[in-house]
There are 2 protein chains.
Amino acid sequence: MSMDIENNPRPLRADAKRNLTKILDAAALVFAEKGLDATLDEVAAVAGVGVGTVYRRFPDKDALIGALFDNAIDEIVNLANTAPRHGDAWEALVWFLEEALQRQCANRGLRDVVVGSSFPIDRIEAAKQRLSPALAHLVENAQRDGFLRDDVVSADFPIMEMMISFLGNMTAHVAPDLWRRYLTIILDGLVVSRNSPSPLGALPDDTVMGEAMRSAHRHARRA
Amino acid sequence: MSMDIENNPRPLRADAKRNLTKILDAAALVFAEKGLDATLDEVAAVAGVGVGTVYRRFPDKDALIGALFDNAIDEIVNLANTAPRHGDAWEALVWFLEEALQRQCANRGLRDVVVGSSFPIDRIEAAKQRLSPALAHLVENAQRDGFLRDDVVSADFPIMEMMISFLGNMTAHVAPDLWRRYLTIILDGLVVSRNSPSPLGALPDDTVMGEAMRSAHRHARRA
DNA sequence: GATATACGGAGGTTATTGCTCCACTTTTTT
DNA sequence: AAAAAAGTGGAGCAATAACCTCCGTATATC
């Protein structure tokens, strides 16, 4: 990752190169956990370097975020292209949703990139352009082959993904796989017809919602 | 509403009483639209009064929020109690979900109260205590009568409500009824079995997601 | 050992938010 | 009608926080 930074006119000094990877790793970790409005001070702290060091490598916060998330976005776009290789039309669609959501649910920053603050909107627009046709194919194929109900459109899927990943981010540190439960329910709602429910994933502990809320509270109070 | 404020030892002066309602109306409007971290300056501006006036009536922001949302929460709790009067066990459950979500989707502040920042957690806990048994009955009845799949529990419902209302808040000013579409899909996933899909609500315009995102961006940039 | 490169992290700058204060206005009372 | 009581507005204070700069010191490279 970040090729364009790693081979400059003059190559980086050895320690600088080490620190750069430490920074990128730390940033990935911190942004995934806390979202894009984590501070670079926090990233620096986790990386074990000073803020100044971060700012020597990246002109500003957005540059670092950009470097990190261009990849993550591309990865998701690629999932849609790879999906048809994973079984029949229904299995392909499900595979894509599961893989994409696994990434989105584990990465709060990724949600912020798509939905929220401070990420150049044109890059998201561009990503959507690239994702769109592949997703449309997945949807159309699943409909053509009689799996997926006919009254949904491909635009429904990013929306449902947002919904689920919102939940996934909320419960990430309490019940990291809980979102699968609701994906299953939604898939059971998307299928043309069925005689019985599909098996659901992990049951929500009675305390899950409380814990998730409590941690949301804590997070809102900057802790 | 806010009885405890309107009849004090000494009654309010006529203009003060007028202003109080203006403030409460404005606060309801602003918090519903922008969520709980709208500023009281903004509330005052919409009410057409100065901030000072707001602070004479309410010791601080939390007091105003409390006064406003205690009612809203109670209202939702009551929905669960009233639900059984609206048809069979399935219809009652659906009625409750639709009514509750209609309120949650139209009111960003209500989501913040439940999930987020700065609302006394004990009051939410208390509300949950009161909601819990009624909701459990709705769920159990729907299961007993063979409508609702047996592998869901009543704790699933607040979670799914959160999911949907998150989307509802996001798309509120672009497509205020879009959430119903996904509620229908989820209900189709919750039913024990079915031969064909239920009719969905409004189709998402191709631009909906883009617009919703753009407005999220704008909102994040304080506009 | 000399030179270029990199580091750290205290603190400057700017923005925002919750809230206070008090000179002034409006209502009520006498 | 005038005094007293109650209320008003909104400039601005204090606190917080977030991004980023600066430069004396340390490390790598030649």
Side-chain angles (χ1 to χ4, degrees), chain A residues 5-24 26-27 30-31 34-66 109 112 116-119 218-223, chain B residues 5-24 26-27 30-31 34-68 109 112 116-119 218-223:
Chain A
I5 287 158
E6 259 159 291
N7 47 18
N8 267 337
R10 289 261 196 100
L12 288 176
R13 229 170 67 175
D15 54 346
K17 209 164 157 185
R18 264 196 314 274
N19 281 337
L20 176 56
T21 31
K22 283 200 287 183
I23 289 167
L24 286 169
V30 170
F31 287 136
K34 313 231 178 183
L36 293 190
D37 45 48
T39 65
L40 286 207
D41 293 55
E42 195 171 356
V43 171
V46 171
V49 303
V51 236
T53 306
V54 178
Y55 279 97
R56 178 157 309 86
R57 273 331 131 219
F58 301 93
D60 57 17
K61 192 181 172 183
D62 285 349
L64 173 53
I65 290 173
D112 288 349
S117 37
S118 79
F119 196 81
R218 248 181 271 124
H219 191 254
R221 288 175 193 156
R222 306 262 138 251
Chain B
I5 287 160
E6 258 160 289
N7 46 16
N8 266 336
R10 290 258 197 103
L12 288 176
R13 230 171 65 178
D15 55 344
K17 209 164 157 188
R18 264 198 312 275
N19 281 338
L20 176 55
T21 30
K22 282 200 286 183
I23 289 168
L24 286 168
V30 169
F31 287 137
K34 313 232 178 181
L36 293 190
D37 44 50
T39 64
L40 285 207
D41 293 54
E42 196 171 353
V43 171
V46 170
V49 303
V51 236
T53 304
V54 178
Y55 279 96
R56 177 160 303 85
R57 274 331 131 219
F58 301 93
D60 57 18
K61 192 181 172 182
D62 285 350
L64 174 52
I65 291 173
L68 270 177
D112 288 351
S117 37
S118 79
F119 196 78
R218 249 181 271 126
H219 191 254
R221 287 175 194 156
R222 307 261 137 254

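These figures come from a predicted structure and were not determined experimentally. Letters A, B, ... mirror the listed sequences (proteins, then strands); counts begin at 1.
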Nucleic acid footprint by protein, nucleotides 23-30 of chain D - heavy-atom cut-off 4.0 Å, B for base, S for sugar-phosphate alone: B---BSS-
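- Within the 4.5 Å cutoff, side-chain heavy atoms of B:F31 are placed close to those of B:V43.
- Atom pair B:I23:CD1 and D:dG7:P shows a separation of 12 Å (rounding to whole Å applied).
- In this entry the distance linking NZ of B:K61 with P of C:dC19 reads 8 Å, nearest Å.
- At C:dG8, one or more side-chain N or O atoms of A:T53 fall inside 4.0 Å of OP1 or OP2 (strictly under the cut-off).
- In terms of phosphate contacts, A:T39 brings no side-chain nitrogen or oxygen within less than 4.0 Å of OP1 or OP2 of D:dA18.
- The nucleotide whose nearest atom lies closest to any side-chain atom of B:R57 is, among D:dC20, D:dG7, C:dC19, D:dG7.
- The side chain to side chain donor-acceptor pair (under 3.5 Å) test applied to A:K22 returns A:N19, not counting sequence neighbours.
- Screening A:L64, A:D60, A:I23 against A:L40 for a side-chain contact (heavy atoms from CB on, under 4.5 Å) leaves a single residue, A:L64.
- Side chains of B:I65 and B:F119 form a contact here, defined as non-hydrogen atoms less than 4.5 Å apart.
- In this entry the distance linking CZ of A:F58 with P of D:dC19 reads 15 Å, nearest Å.
- Close to C:dC7, at under 4.0 Å from its OP1 or OP2, lies a side-chain N or O of A:N19.
- With sequence neighbours excluded, the residues that form a salt bridge (charged side-chain N to carboxylate O under 4.0 Å, His left out) with A:R13 are A:D15.
- For the pair A:K17 NZ and C:dA6 P, the interatomic distance rounds to 12 Å; values are reported in whole Å.
- Along DNA chain C, the nucleotide closest to A:A16 and the one closest to B:D62 are compared, and the more 5′ of them pairs with A:A16.
- Under the rule for a side-chain contact (heavy atoms from CB on, under 4.5 Å), the partners of A:V46 that lie at least two apart in sequence or sit in another chain are A:A26, A:L29, A:V30.
- A:D41 comes within 4.0 angstrom of a nucleotide base, judged by non-hydrogen atoms across all strands.
- Nearest heavy atom pair, residue B:D37 against residue B:K61, reads CA-NZ, 3.6 Å.
- If you take OH of B:Y55 and P of C:dC19, they are 4 Å apart, rounded to a whole angstrom.
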